[in-house]
Amino acid sequence: MHLHLRLFARRCKNQHPCRMLENKQITAACDGTSGRKRNNQVSKNQILGTISLLALMTPGVAWASDECGPVNTASNPQTVTCTGAFASAATNGISYDANTLATNGPIELRIASTVSGAFSLNTTGNAAVDAVTLVGAPGYAATIWSYADSEIYSARNGLVVRTSGTGTAGISLEGTVNARALGLSADAGTDGMAIVSIVDTGVLDVEGSGAFVTGVSTRGAAGLVLTAGAITVDSSSGSGTATGIEFVAAGAGSFGGARNVGTLSVTSGSQAAVGFSINTIDGEGTVQSTGSVSVTSTSGPAIGAIFRDAGSTSGTTSFANGGSFTVSSGGTATGLSVTGSVSVDIQLATDEQFLSSTVDYSNGPSVFSVTGNSGISYGMLFTNIGGDVVINARGQEITIDGGAGNATGIAAGGSGLLGGFTFHISDAEYSLGHANGDFTVTSAGGQATGFDFMSVSSAVDGAIDIGSTGSS
C-alpha cells in the first residue's frame, strides 16, 4: 500500500516551482530543494530550511524601531536579533513594520538567547497588544524565528506575521509560546504563502476564555503548517471555540495543508473543539498525521478535522492518519467532516512504508477513534461531494461509539456523493509485527449504523464498493 496524497504543484508569482507535500517528503516551497523526515520526525534543519530559503530574495531594509537594537544591514536578508539584554523590558510587545521604511526588502526577526541567559518576553499585563508582530513590505518575505531557549507570554496573540502581494509570511518556533487567544498567526494576504513550522523542541500553549482560542492560523493563496512539537489549545475555562490548526483561503485555487508528527491536544467546554480546520475555494486541502491528535469537548461538538471547500468545480481533499487520532465529547463527536470537495482521498494505515521502518508498532495498530454521548456521532461525514470518495485503511483500528446517543461509521449528507464510494479495510503485516484492521460501530443507548447513504436526497450516484481483507 502507498500513501496517496495529492502533490501541490503550482507556479508562484516569481516563477519558482512550489512543492509542498508529497507522501513522506516535505519540500521547501518555491526553491526547488527538498528535505525528508527520518525516524518519523521532521528535523530542525529541514523545517528551518523551509523558512529560511523563502526569505532569500533581495537586500535592503532598515528597521522602523529599535526594541531589539539596530538591524544588521550587511546581511541578506537584513536581520535584527532580540535577546534578553534588549527585550527584557518590552512589556508592550515587540513590533516592526517594513512599510514605514524607504527601502523595501525581506525581513527576519530572530528571537534568540545570549551568553547572559535565555530570552524572555512577558506581555500578559497588557491584553491590548500582541507579544511579537512583524509586517513585511509588499512582495517580500517576513519571517519570525523563535529559538529554543526563548519564552514568550502574551495575554492576547503570541507571534504574528503579516505580508502583502506575493510576500511569504513565515514563523519558526523552537522555544515556548504561551498565549490566551491566538498562538501563531501567519497572514500572507491574497497572493502570498504562509508557512508555520514547530520543531520538536517547540511548545505552543494557548489557553483562554475568549470566543475563539486558536493554536496556529495561516491565511493566503497557500498555507502550510509543519509541526513536530507540542501544541495545546484549551478554551474550557470560558465558553469559546477551541481550534488547533486552521487555514483560511484568500481566493480561488488555494492550498491549505498540515503535517503533524508531534502532539496536538484541543479541549473545549460547552462550545466546539476542532483539531484541524481547512477552508479552501476550489483548492486543495490536506492533513497528514503520524503523531498524536486528541480533540475533546465537555458538552459541545468535537470534530477531529473539518475540510470546507467553497468552490464548485475543482476542490480536492486528502487526509491520512498513521498515529493516534482520537475525538471525544459529552455531546456529538465527528472524526472527519468534508463539505463541498470534488474528490476525497483518505488513507488510514499502520504501514512501515507509510510511516517508518524504524518505528515499532508491535504494541498495536494506529487508531482512529470517535466517542460521543448524545445526538449522532460520525466517524466520517461527507456532504455535497461532487465526485468520488476513496477510503483505504490498512492495519488501523477504527472505532465509533455513540454512548447514550446514536453512532454512524460513515455517512453522506446534503446532496450526497455525485461520484462513487470505495471503502476497503485490511490487516497489516510488516517486519516489526502484525496490526489488525478493524471497523467497529457501537452505541449503548442508541442506534449503531455502519454506513448511511439513504438519509439524503441523492445519496450516492456512482458505484459503492465496500470490502475487507482479514479484518473485522
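Owing to the predicted nature of the structure, the values given are computational and were not obtained by experimental measurement.
Aromatic ring orientation, Phe319 versus Phe307: perpendicular (interplanar angle above 60°, classes split at 30° and 60°).
Dense packing is recorded around CZ of Arg156, with more than 12 heavy atoms of other residues, nucleotides or ligands lying under 6.0 Å away.
If you check the side chains of Thr286 and Ser318, you find a donor sitting under 3.5 Å from an acceptor. Side-chain contact check for Asn260 and Thr227: no donor-acceptor pair (N or O, by modelled atom type) lies under 3.5 Å. Of the N and O atoms on the side chains of Asn279 and Ser277, at least one donor lies less than 3.5 Å from an acceptor on the other residue. Under 3.5 Å, the side chains of Ser268 and Ser297 contain a donor-acceptor pair of N or O atoms.
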Mind running side-chain hydrogen bond (donor to acceptor under 3.5 Å, both in side chains) on Ser366 and Gln396 for me, showing each step along the way? CA-CA 5 Å; Ser366 55; Gln396 183 148 147; 2.8 Å; yes
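Judged by distance alone, the side chain of Ser329 and the main-chain N or O of Val327 form no donor-acceptor pair under 3.5 Å.
Within the structure, salt bridge (Lys or Arg N to Asp or Glu O under 4.0 Å) pairs that include any residue of residues 219-232 comprise Asp187-Arg219 (at least two apart or interchain). Note on residues 240-249: pairs passing side-chain hydrogen bond (donor to acceptor under 3.5 Å, both in side chains), not counting sequence neighbours, are Ser217-Glu246.
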Show me the donor-acceptor pairs within less than 3.5 Å that the side chains of residues 203-212 make with the rest of the protein, sequence neighbours left out.
none

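Minimum heavy-atom separation, Thr218 to Ala194: CB-CB, 3.9 Å.
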